[in-house]
Asks: 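Below is one structure. I have some questions about it.
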Amino acid sequence: MTNIRELSWHNAAASPFTRQVKTFSVAFKLLFSLWLDDLLGNNSALQKKRRARWLVRRMLELGPTFIKIGQALSTRADLIPLEYVREFSQLQDNVPPFASEKAVAAIEKELGKSIYTLFRDFETIPLAAASLGQVHRARLHTGEEVVVKVQRLGLEKLFNLDFAILHRLVRIINHFSKTMRKYNLEMIYQEFFELLFQEIDYINEGKNAERFRENFQKYHQVKAPQVYWQYTTRKILTLEYLPGIKIDDRQSLEANRIDPDAVIKLGITCYLKQLLEDGFFQSDPHPGNMAVSGNGEIIFYDFGTMAEIKAIAQDQMVKTFFAVLKKDTNEVVETLMYMGLIEPAADMTPIKKMVSFLLREFSDKPIDVKAFEHLTDELYVMFEQQPFRLPPQMTFIIKSLTTLDGIARALDPQYNLLAAAQPFLKSIALSQNKTNLLATFARQTKDLVKHKLNQPSRTELSIQRLESRLELGELQIRVRSLESDRTLKLIQLGIKSLIFTCLTGFTLLSGTMLFLGSHKILAFIMFGLSGFWFFLLMKYLMNLAFQEKMQKRL
């Protein structure tokens, strides 16, 4: 990723047709490559890593819209292979910078003065580069050290163009796939671009930063940079310089005598306060947006993707949080339905089964992505019958909590959510404020304490889990017949051989007719395809013959 050439998408808006062709070309190549890998049985970890690296390079070439898509997917290890997750995670802070001359020109144009009239010192080499802009360190004439965030050139035109291209893709998908219509892709696409356009308005980001600072005024261990409004526009943002150690760098934290466990507790406390008390939270808390000072303070940097929770939903958020701590499946499902996260259905058993599985597997121990394989069939049926309905706020909550969980586990693979949340729960329990929200906290905390005190013995818990799994249909008896499996495999090989025989004959016949009709270039293409299908036919015929020979010996 270090030798990536300078991006060329900043001129993409000048040729919409070329941009569309390139976008569709990347999508087609990816789908064809995945189909070919599946066809040839080449799905090794190394091959997936190669495909993921290729896709990351294409995303970087396509620019900010697709980089943002990659960033969102980098937190979804439950949906895509780990090889892709690891490669997409590099999009968080390894995005190539643009030329410093362009950054200086943009600053001077936006602020209307020369760079050294504005700043006493200005470092031309950027501190960091992201998908939407890059950051330069500077010093004001009054002596304050600041960072200047400069937006990439032509972003608004590029977003408008990508908006139109992806809209066409959504309509094509909706037209050809009945299954995807259930997920309301139009709404998801609209919400995504509304968020993206908010993120390129730096005045909006500055206001978010100030509101965040006000919410944490009494929390001296949480820092957010001050905004210098006289040096800020929609495309330029000037903030106080607050250096720190990357929050997931355990080695550097320990070298500076900072306790990682204290950082985890402080981070969890920060986010519980944002989600459950303020109703205003940072929806993209990746390690590039958070740091730790030499005194152990957590520093927040990026406020372009803030989200709000309505006061009505906050009360339900509190109930859901405590229901998760108690592992109460029924209450979690009920509160999620109340908030609109899950749509009610005649049979809620599949949903309760998934929630119970998640609470049992992931609340008190590190997440094992492979554990999701146990629910693959059930989840597929459930989503076919009733897909989840995710309001935008809930999507942001899930993304932020998933990312925060990853940061915590990078610092301590065995961390416990309940233990990390104790400082926040204690502060709520001791609070004298009698508002409705805090009254809900106090009541739920009291119920949690009672639940822990009255918790049954291990034997009773085992019996309860057995009863629950019987009710949810999680205990299954599987009967396998080795002879039936072998016969089924032979049938599958025979069907594939028949398909490739037809393809070989069709392309060979087409090539012959084209050759006789003087279309030699097309004829040679068809002959090449015929040879490819013949190669696959021979592969499956030999495999079929081998399997039949082995079966006769048994």
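Here the structure is a predicted model, which means the values were calculated and not measured.
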Asks: Is the number of heavy atoms from other residues, nucleotides or ligands under 6.0 Å of F535 CZ greater than 12?
Replies: no
Asks: State, to 0.1 Å, how close Y84 and K48 come at their nearest heavy-atom pair, and which atoms those are.
Replies: CE1-O, 3.8 Å
Asks: How about L36: does its CG atom have over 12 heavy atoms from other parts shown lying under 6.0 Å from it?
Replies: yes
Asks: Can you measure from CE (M538) to CH2 (W533) and round to the nearest 0.5 angstrom?
Replies: 14.5 Å
Asks: Does I165 reach the side chain of K22, with side-chain heavy atoms less than 4.5 Å apart?
Replies: no
Asks: So, using ring pair (Phe, Tyr, Trp, His ring centres under 6.0 Å) as the criterion, who are the partners of F159 when residues are at least two apart?
Replies: F197
Asks: Restricting to side-chain hydrogen bond (donor to acceptor under 3.5 Å, both in side chains), what partner residues turn up for T124, sequence neighbours left out?
Replies: none
Asks: Answer yes or no: is there a side-chain heavy-atom contact under 4.5 Å between R53 and R57?
Replies: yes
Asks: Run F300 and I247 through side chain to side chain contact (heavy atoms under 4.5 Å, CB included) and show every step you take.
Replies: CA-CA 10 Å; F300 289 84; I247 195 168; over 6 Å; no
Asks: Could you tell me which non-hydrogen atom of L237 sits nearest to which non-hydrogen atom of Y202, and how far apart they are?
Replies: N-CD1, 3.7 Å
Asks: How long is the straight-line distance from CD of Q251 back to CD1 of I245, given to the nearest 0.5 Å?
Replies: 11.5 Å
Asks: Kindly give the heavy-atom pair with the smallest separation between G244 and Y301, and that separation in Å.
Replies: N-OH, 3.6 Å
Asks: Determine the minimum heavy-atom distance between Q151 and I200, stating which atoms define it.
Replies: NE2-O, 2.6 Å
Asks: Under a 4.5 Å cut-off applied to non-hydrogen side-chain atoms, are F532 and L503 in contact?
Replies: no
Asks: Can you tell me if Q282 uses its side chain to pair, donor with acceptor, with the backbone of D302 under 3.5 Å?
Replies: yes
Asks: Looking at CE of M306 and CG of N208, how far apart are the two atoms once the value is rounded to the nearest 0.5 Å?
Replies: 6.0 Å
Asks: Grab the two heavy atoms, one from Q134 and one from A129, that are nearest each other, plus how far apart they are.
Replies: CB-CA, 3.9 Å
Asks: Can you confirm whether L529 sits close enough to M526 that some side-chain heavy atom of one is under 4.5 Å from a side-chain heavy atom of the other?
Replies: yes
Asks: Below 4.5 Å, heavy atoms only, C-beta onward: do F88 and M59 meet side chain to side chain?
Replies: yes
Asks: Does V104 reach the side chain of H136, with side-chain heavy atoms less than 4.5 Å apart?
Replies: no
Asks: Verify side chain to side chain donor-acceptor pair (under 3.5 Å) between D37 and Q47, making sure each step is shown before the conclusion.
Replies: CA-CA 8 Å; D37 288 344; Q47 182 69 358; 3.2 Å; yes
Asks: Could you state the interatomic distance from CG (D249) to CD1 (I407), rounded to the nearest 0.5 Å?
Replies: 12.5 Å
Asks: Tell me, do K246 and D248 make a side-chain contact under 4.5 Å, heavy atoms counted?
Replies: yes
Asks: Take atom CZ in F534; do more than 12 heavy atoms of anything else shown fall under 6.0 Å from it?
Replies: no
Asks: Got a second to check how far L537's CG is from L498's CG, nearest 0.5 Å?
Replies: 9.5 Å
Asks: With a 4.5 Å limit on heavy-atom distance, are the side chains of I236 and V150 in contact?
Replies: yes
Asks: Quick check against the 3.5 Å criterion: does Q198 have a side-chain atom that pairs as donor or acceptor with the backbone of N204?
Replies: no
Asks: Distance check, rounded to the nearest 0.5 Å: Q20 atom CD versus L166 atom CG?
Replies: 10.0 Å
Asks: Considering all heavy atoms of both residues, which atom of T23 and which atom of F66 are nearest to each other, and what is their separation?
Replies: CG2-CZ, 3.7 Å
Asks: Before giving the answer on side chain to side chain contact (heavy atoms under 4.5 Å, CB included), spell out for K149 and L132 the whole-Å C-alpha distance, their side-chain angles and the decisive distance to 0.1 Å.
Replies: CA-CA 10 Å; K149 189 173 179 180; L132 304 184; over 6 Å; no
